[in-house]
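The structure under discussion appears below in the form of structure tokens.
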Amino acid sequence: MTVPIGTAALRCCCPECGKGALFRGWTPGGALSVRDRCDVCGLDLRAHDSGDGPASLVIFPLGAILVVGALWVEFRFNPPIWVHVVLWPVVGVVLAVVMMRPLKAALIALQYRHRRSEMGL
């Protein structure tokens, strides 16, 4: 029984069983790294290919959020420039990872649902 794509995307779980974690964790090297196999059902996830889709879908909304946020902070608080230099790269990286995980999970679930042959299934 496959899990609905929205559920698999939001929970970042296995597209087959919906119980196993899709990513290796929140460590720096594993935040966007897909596991080789599902821990629960054993689904082989090595052949997935989400490509550059999640990154290209995140670039424009993330850029808009960062620009609006920087403008708001600048005009509301008028901080020194070093605050922007320290603040926005950190916020950008965190938001990029948080936004890319569900998008990458959604694309893997879509590939699992519609193109199983490309995943070797």
Side-chain angles (χ1 to χ4, degrees):
M1 177 182 94
T2 60
V3 178
I5 293 169
T7 302
L10 291 176
R11 293 180 53 212
C12 296
C13 62
C14 172
E16 175 64 29
C17 67
K19 295 178 183 165
L22 186 63
F23 298 105
R24 294 180 193 227
W26 285 98
T27 60
L32 293 171
S33 299
V34 178
R35 294 178 183 269
D36 292 337
R37 293 190 170 278
C38 174
D39 293 337
V40 177
C41 68
L43 176 67
D44 187 10
L45 295 165
R46 288 177 290 185
H48 81 282
D49 183 23
S50 61
D52 293 333
S56 61
L57 289 174
V58 165
I59 286 173
F60 292 113
L62 179 61
I65 290 168
L66 292 177
V67 167
V68 169
L71 289 172
W72 181 78
V73 167
E74 177 63 32
F75 291 118
R76 175 84 168 117
F77 303 107
N78 197 15
I81 192 70
W82 67 265
V83 172
H84 290 292
V85 171
V86 171
L87 178 65
W88 297 112
V90 173
V91 170
V93 169
V94 170
L95 281 177
V97 171
V98 167
M99 291 170 72
M100 281 185 60
R101 282 175 63 102
L103 284 172
K104 189 168 185 173
L107 288 175
I108 291 170
L110 282 167
Q111 183 179 14
Y112 176 75
R113 170 96 32 102
H114 299 291
R115 294 185 170 178
R116 291 180 187 221
S117 62
E118 290 181 9
M119 289 184 74
L121 303 174

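One-based numbering along the sequence shown.
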Shortest non-hydrogen separation from [X] to [Y] and the atoms involved:
| X | Y | answer |
| --- | --- | --- |
| C14 | V3 | O-CG2, 3.9 Å |
| C17 | V40 | SG-CB, 3.9 Å |
| P15 | A8 | CA-CB, 4.4 Å |

Test item: [X] and [Y] side chains (from C-beta on) under 4.5 Å apart, heavy atoms:
| X | Y | value |
| --- | --- | --- |
| V83 | F77 | no |
| P79 | H84 | yes |
| E74 | I81 | no |

Working to the nearest 0.5 angstrom, can you tell me the gap between [X] [atom1] and [Y] [atom2]?
| X | Y | atom1 | atom2 | value |
| --- | --- | --- | --- | --- |
| R113 | I5 | CZ | CD1 | 4.0 Å |
| M100 | F23 | CE | CZ | 8.5 Å |
| S33 | K104 | OG | NZ | 6.5 Å |
| I108 | L103 | CD1 | CG | 11.0 Å |
| L43 | T2 | CG | OG1 | 11.0 Å |
| I65 | F60 | CD1 | CZ | 13.5 Å |

Determine whether [X] and [Y] fall in the same hydrophobic cluster, where Ile, Leu, Val, Met, Phe, Trp and Tyr are linked whenever their side-chain heavy atoms lie under 4.5 Å apart.
| X | Y | result |
| --- | --- | --- |
| L87 | M99 | yes |
| W88 | W72 | yes |
| V34 | L32 | no |
| L107 | V58 | no |
| V90 | V85 | no |

Count the heavy atoms belonging to other residues, nucleotides or ligands that lie under 6.0 Å from CG of D36, then report whether that count exceeds 12.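 Yes - once you tally the heavy atoms of other residues, nucleotides and ligands closer than 6.0 Å, there are more than 12.
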More than 12 heavy atoms from other groups under 6.0 Å of CH2 on W82: no
Indicate yes or no for a side-chain donor-acceptor contact from R35 to the backbone of L45 under 3.5 Å, with no hydrogens or angles considered.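 No.
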Under 3.5 Å: donor-acceptor pair, side chain of Q111, backbone of H48: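 Not confirmed, Q111 side chain does not pair with H48 backbone.
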